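Small disclaimer: the values here were computed from a predicted structure and weren't measured.
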Amino acid sequence: MTKFPYLRQDFAASLVVFLVALPLCVGVAVASGVPAELGLVTGIVGGIVTGLLRGSSLQVSGPAAGLTVLVFEAVSEFGLPVLGVIVLAAGLLQLVMGALKLGRWFRAISVAVVEGMLAGIGLVIIAGQLYAAAGLKAPVSGIDKILGLPGATVDALGSTAALASLAVGAGTIAVMVGWKKLPKKAQTVPGALAAVILATVAAPAFGLPVATVEVNGLLGSVQLPGADALGALADPAVLGTILAFTLIASAESLFSAAAVDRLHDGPRTEYDKELMAQGAGNAVCGVLGALPMTAVIVRSSANVAAGARTKASRVLHGVWLLLFAALLPWALALIPLPALAGILVHAGWKLIPFRGVVSLWRGHRGEALILVVTAVAIVTVNMFEGVLIGLALSVVKTAWETSHVRLEVIDKGAGPIQAYLSGNATFLRLPKILDSLEALPQDRPVELDLSGLHHLDHACRTALETWAERHSATGTEPVKVTSLGLA
């Protein structure tokens with residue numbers, strides 16, 4: 001036991017994480033439009049492969065609700081065989097980024113963009129899974145999912161089968177919400193697992209006409225990428241999807257690592273190594289044709305709360321998932337689809353940072369605006385472009401805030417007018433600078449002092465030179481510029 005001093009704690013924690021991960025792995029796979037077993041494959045790889053590697057010792061990886069929308073779009077557009085190629089390429093890209101020590105730079109991404117991304121994903125998941133809970137086919141785009149809900153409600157109310165399906169989904173959500181109010185001993189069984197078990201028992205007991213998970217078998221679901229699928233790498237749209245998978249999965253994993261570090265006093269995350277561990281896991285998932293993985297805060301926090309002390313707990317959770325997939329695959333066929341939809345609706349709701357929006361609005365309205373715009377863009381356009389819009393807004397906001405410039409004009413009535421520029425002169429503040437300078441009297445000499453500037457970009461430099469030439473008309477002394485090397 002001296003070789004494994006925390007084996008008892010890690011063993012117990014691994015069982016808890018396994019019970020939390022099982023319904024989520026299956027639910028994320030079904031919501032992503034792929035066989036349920038592929039969710040288990042990603043959970044297994046996340047536990048055993050990524051779990052053994054260095055990085056963050058206590059966070060747990062697997063298929064994440066945050067990538068559900070992107071995976072569904074990719075499978076719909078390119079087909080399931082190409083998904084493996086996309087995930088493999090994203091994993092290799094993560095390995096390269098980790099080797100180049102780019103992991104720490106993901107912490108520089110605006111928290112508002114990440115939370116906006118999760119909020120947008122959450123909204124699309126909720127809207128899409130409401131259709132699944134009623135046994136209806138959901139529209140493809142996020143905005144169509146939301147706009148189509150009133151019509152879907154009318155259709156559901158007129159169908160006995162849809163109402164029965166909705167009842168199972170609603171019951172699943174109710175159990176998960178109410179489970180947290182039970183005594184601590186009862187909560188040793190995760191709420192999601194309890195809800196799925198109750199739904200699995202209730203559906204046949206009451207003779208409810210609800211669809212259940214389709215089972216193909218673990219080996220039947222695994223597809224190694226073929227030559228045709230690899231040929232899809234020549235498609236620019238596939239390359240864009242790979243980039244989206246890489247950026248979003250990496251950001252979600254490393255933000256999760258930072259959050260997990262705040263939950264325990266053990267070793268801190270090595271961000272570059274964690275990025276490489278995620279890359280290795282995604283590369284293996286890609287070879288197996290499975291879902292992409294990220295570190296998942298729900299499973300990770302459950303791991304810490306259950307008393308895990310080393311990476312053994314997350315590796316063992318992968319072993320339990322493997323044993324379940326190998327020995328009890330038939331159990332998946334008993335699970336009602338609306339129960340999994342209920343789990344995903346609950347997960348999507350938790351992705352929306354309601355308190356975060358309120359607190360940001362009180363203290364940082366610009367950040368709150370970026371969060372909301374990112375979420376709306378993801379819903380109305382798509383995942384990748386929505387995140388790019390959020391990042392662009394964040395960069396513009398930062399540039400605007402850092403480009404503070406002050407123009408002080410001193411006119412003593414006689415002699416030259418003195419103009420002092422200080423701060424950071426960038427193109428964003430150029431209109432304000434030029435308006436002030438052009439308002440100076442044309443028939444008076446001007447001394448322009450730039451020595452107080454920390455930064456002068458090319459656009460401002462050119463504009464100031466042009467203004468000085470115009471002001472130095474015939475009969476007026478040339479503008480005298482003091483710049484300390486800036487001009």
Side-chain angles (χ1 to χ4, degrees), residues 15-16 18-41 43 63 65 68 125-126 128-138 152-153 155-182 185-221 320-349:
L15 292 174
V16 172
F18 159 68
L19 295 175
V20 170
L22 179 60
L24 287 173
C25 287
V26 177
V28 168
V30 172
S32 300
V34 306
E37 290 87 348
L38 291 183
L40 292 175
V41 171
T68 301
I125 288 173
I126 291 170
Q129 292 308 304
L130 288 174
Y131 289 90
L136 303 174
K137 183 174 176 59
T153 302
D155 293 341
L157 292 175
S159 167
T160 304
L163 288 173
S165 187
L166 274 173
V168 173
T172 302
I173 296 171
V175 169
M176 293 181 68
V177 172
W179 202 257
K180 295 179 181 178
K181 299 178 182 178
L182 295 178
K185 287 186 178 180
Q187 291 186 45
T188 53
V189 177
L193 183 69
V196 167
I197 292 173
L198 289 172
T200 303
V201 172
F206 291 99
L208 300 178
V210 296
T212 56
V213 174
E214 183 180 335
V215 176
N216 300 316
L218 194 62
L219 294 178
S221 299
W320 309 142
L321 285 173
L322 177 61
L323 290 175
F324 176 87
L327 302 178
L328 299 171
W330 53 267
L332 295 177
L334 303 176
I335 300 174
L337 288 178
L340 296 178
I343 287 175
L344 268 293
V345 168
H346 186 262
W349 183 264

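Using a 4.5 Å cut-off on side-chain heavy atoms (C-beta onward), L163 and L157 make contact. You'll find the side chain of L337 reaches within 4.5 Å of the side chain of V213, heavy atoms only.
No donor-acceptor distance shorter than 3.5 angstrom exists from the side chain of T212 to the backbone of P336, with no hydrogens or angles considered. A donor-acceptor pair under 3.5 Å links the side-chain atoms of W179 to the main chain of V189, judged by distance alone. A donor-acceptor pair under 3.5 Å is absent between the side-chain atoms of T172 and the main chain of I343, judged by distance alone.
Annotation for I126 and V345: closest pair CG1-O, 3.8 Å, computed over non-hydrogen atoms. Minimum interatomic distance between A203 and V210 (heavy atoms only, all atoms of both residues): CB-CG2, 3.8 Å. A pairwise comparison of heavy atoms in P209 and A161 identifies CG-CA, 4.2 Å as the closest pair. Residues M176 and G191 come closest through the heavy atom pair CG-O, 3.9 Å. Taking all atoms of both residues into account, the shortest heavy-atom contact from G39 to P63 is O-CG, 3.5 Å. Residues S165 and A132 share a closest heavy-atom pair of OG-O, 4.3 Å.
A distance of 11.5 Å separates CD1 in I197 from CG in L334, rounded to the nearest 0.5 Å. Residue L24 holds its CG atom at 11.5 Å from CG of L19, rounded to the nearest 0.5 Å. Summarising the geometry, atom OG belonging to S32 is positioned 8.5 Å from atom CD1 belonging to I125; distances are rounded to the nearest 0.5 Å. Expressed to the nearest 0.5 Å, how far OG1 of T153 lies from OH of Y131 amounts to 8.0 Å.
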### Message
Set out, in order, the CA-CA distance, both residues' side-chain angles and the distance that settles side chain to side chain contact (heavy atoms under 4.5 Å, CB included) for L40 and L22, then state yes or no.
### Response
CA-CA 7 Å; L40 292 175; L22 179 60; 3.7 Å; yes

### Message
Quick one, L332 with F324, criterion side chain to side chain contact (heavy atoms under 4.5 Å, CB included). Give me CA distance, side-chain angles, the key distance, then yes/no.
### Response
CA-CA 10 Å; L332 295 177; F324 176 87; 3.8 Å; yes

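In the displayed structure, W349 atom CH2 is contacted under 6.0 Å by at most 12 heavy atoms of other residues, nucleotides or ligands.
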